[in-house]
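Comments concern the structure below.
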Amino acid sequence: MEFMISGRNVTVSDRFREYASEKLSKLETLGDKVQRIDTKVSKKAHSRSADNDLTVEVTVLGRGPVIRAEAVSGDKFAAFDLAYGKLLERLRRAKDRRKVHHGRHTPQAVHEATASLEPPAPESPEAPAPYEIPNDIPAGDSPVLIRRKVFPATTMTVDEAVDNMELVGHAFYLFVDKETEQHSVVYRRTGWTYGVITLDPECTEAEGQEKIHAYRSDDEDAVVVA
């Protein structure tokens with residue numbers, strides 16, 4: 001299993017690398033087929049707050065779904081421990097889902113699955129490190145930045161898209177709908193509800209109806225006419 005630990009606007013010390021690597025090496029017990037774990041520590045450029053200006057993002061990559069967690073704090077060790085705790089819970093949920101899928105209907109309890117992985121108390125913070133990148137603005141005087149990322153198009157069902165969205169901790173998830181073969185996005189609404197938006201190049205206006213789908217159910221979709 002490969003570890004990638006990097007910093008943005010902040011120096012990542014050898015002590016932090018050893019601390020993070022030692023804990024991340026234990027994730028193989030929960031994450032099946034894990035190939036790489038990326039950890040990114042970033043600091044807000046020109047931040048006026050010292051309480052929540054450090055963000056630690058941990059991403060598990062492998063042959064299964066991408067699992068991600070992040071946390072913010074004024075101390076990189078504390079932020080890492082918070083993100084690590086969230087990651088353990090999401091890995092456990094993914095493992096429990098696989099057990100149920102293969103016929104085991106009594107998933108392992110949280111305290112049992114994570115008994116040997118409980119994070120210790122955060123270490124004392126380090127002295128502030130100088131910026132590696134003094135200015136996050138690539139060009140011009142505008143404070144507004146637009147970041148573009150490209151991912152491979154993945155075909156899946158709406159239910160699978162909801163599962164993957166929850167595993168990475170996002171409020172939305174882009175995918176190709178297996179049923180319609182159209183590019184779609186699932187997003188989190190209030191309560192235990194989700195929404196799906198689909199782009200159809202042949203659709204010229206709203207058709208005045210929507211379908212309501214029950215998660216993990218074989219029932220037919222309900223049609224609501226506006």
Side-chain angles (χ1 to χ4, degrees), residues 1-28 30-31 34-62 64-91 94 117 119-154 164-175 185 187-188:
M1 186 168 60
E2 181 183 1
F3 300 135
M4 297 291 293
I5 302 176
S6 60
R8 183 181 181 85
N9 292 341
V10 64
T11 299
V12 179
S13 66
D14 291 339
R15 185 162 70 94
F16 180 85
R17 292 180 186 276
E18 293 174 0
Y19 179 78
S21 297
E22 181 181 358
K23 299 184 69 173
L24 293 174
S25 64
K26 302 175 183 178
L27 293 180
E28 285 184 295
L30 284 180
V34 175
Q35 297 174 343
R36 193 178 79 201
I37 301 179
D38 291 345
T39 301
K40 182 171 68 175
V41 184
S42 58
K43 184 172 185 177
K44 298 178 183 177
H46 311 298
S47 174
R48 297 181 179 179
S49 172
D51 295 333
N52 294 303
D53 59 352
L54 284 170
T55 302
V56 173
E57 177 183 321
V58 185
T59 305
V60 177
L61 304 169
V66 175
I67 302 177
R68 174 183 168 275
E70 71 172 42
V72 296
S73 177
D75 170 35
K76 64 172 70 70
F77 288 90
F80 175 83
D81 283 340
L82 291 172
Y84 182 76
K86 294 179 182 179
L87 193 67
L88 289 181
E89 173 61 18
R90 289 170 185 169
L91 283 167
L117 304 175
E123 295 186 12
S124 58
E126 294 179 320
Y131 288 159
E132 289 183 351
I133 304 175
N135 191 345
D136 198 30
I137 300 178
D141 298 326
S142 174
V144 179
L145 302 180
I146 300 176
R147 303 188 187 279
R148 182 189 297 270
K149 292 185 178 181
V150 179
F151 297 93
T154 304
N164 280 274
M165 180 184 70
E166 293 295 349
L167 287 175
V168 297
H170 286 170
F172 66 92
Y173 192 84
L174 292 167
F175 68 105
V185 58
Y187 62 95
R188 189 181 297 112

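Values below: every heavy atom of this structure, side chains too, minus hydrogens, waters and symmetry copies. Because the structure is predicted, anything quoted here is derived from the model rather than measured. One-based numbering along the sequence shown.
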Note to self: Within this structure, what is the OH-OG distance for the pair Tyr19 and Ser13, rounded to the nearest 0.5 Å?
What the structure shows: 12.0 Å

Checklist line | Closest heavy-atom pair and its distance - Ala71, Leu82 | finding: CB-CB, 3.4 Å

Next item on the list: Could you grab the distance from atom CE of Met4 to atom NZ of Lys40, nearest 0.5 Å is fine?
Entry: 12.0 Å

Notebook entry, point to check: Is any side-chain heavy atom of Leu61 closer than 4.5 Å to a side-chain heavy atom of Val66?
Noted result: yes

Next item on the list: Locate the shortest heavy-atom distance separating Val56 from Ala79; write the atom from each residue and the value.
Entry: CG2-CB, 3.6 Å

Checklist line | Heavy-atom closest contact (Lys76 atom, Leu54 atom, distance) | finding: N-CD1, 3.5 Å

Item checked: Leu174 CG to Asn164 CG distance, which is reported to the nearest 0.5 Å -> 12.0 Å

Notebook entry, point to check: Say you draw a straight line from CD1 of Ile67 to NZ of Lys86; how long is it, rounded to the nearest 0.5 Å?
Noted result: 15.5 Å

Check: Can you name the side-chain contact (heavy atoms from CB on, under 4.5 Å) partners of Glu70, sequence neighbours left out?
Finding: Thr55, Glu57, Arg68

Checklist line | Asp38 bridged to Arg36 by N-O distance under 4.0 Å | finding: yes

Notebook entry, point to check: What heavy-atom pair brings Leu87 and Ala69 nearest, and what distance separates the two atoms?
Noted result: N-CB, 3.7 Å

Margin query: Just to verify, what does Ile5 make a side-chain contact (heavy atoms from CB on, under 4.5 Å) with, not counting sequence neighbours?
Written below: Val12, Phe16, Arg17, Ala20, Ser21, Thr39

Item checked: Nearest atoms (heavy-atom pairs only) where Val58 meets Ala83 -> CG2-CB, 4.2 Å

Next item on the list: List for me each residue that meets side-chain contact (heavy atoms from CB on, under 4.5 Å) alongside Glu22, sequence neighbours excluded, and say none if there are none.
Entry: none

Note to self: Assess the residue pair Ile37 and Phe3 against the criterion (side chain to side chain contact (heavy atoms under 4.5 Å, CB included)); give the C-alpha distance rounded to whole Å, side-chain angles, the decisive distance to 0.1 Å, and a yes or no.
What the structure shows: CA-CA 5 Å; Ile37 301 179; Phe3 300 135; 4.1 Å; yes

Next item on the list: Measure from the side-chain N and O atoms of Tyr84 to the backbone N and O of Lys23, and report whether any donor-acceptor pair falls under 3.5 Å.
Entry: yes

Item checked: Closest heavy-atom pair and its distance - Tyr187, Met165 -> CA-SD, 4.1 Å

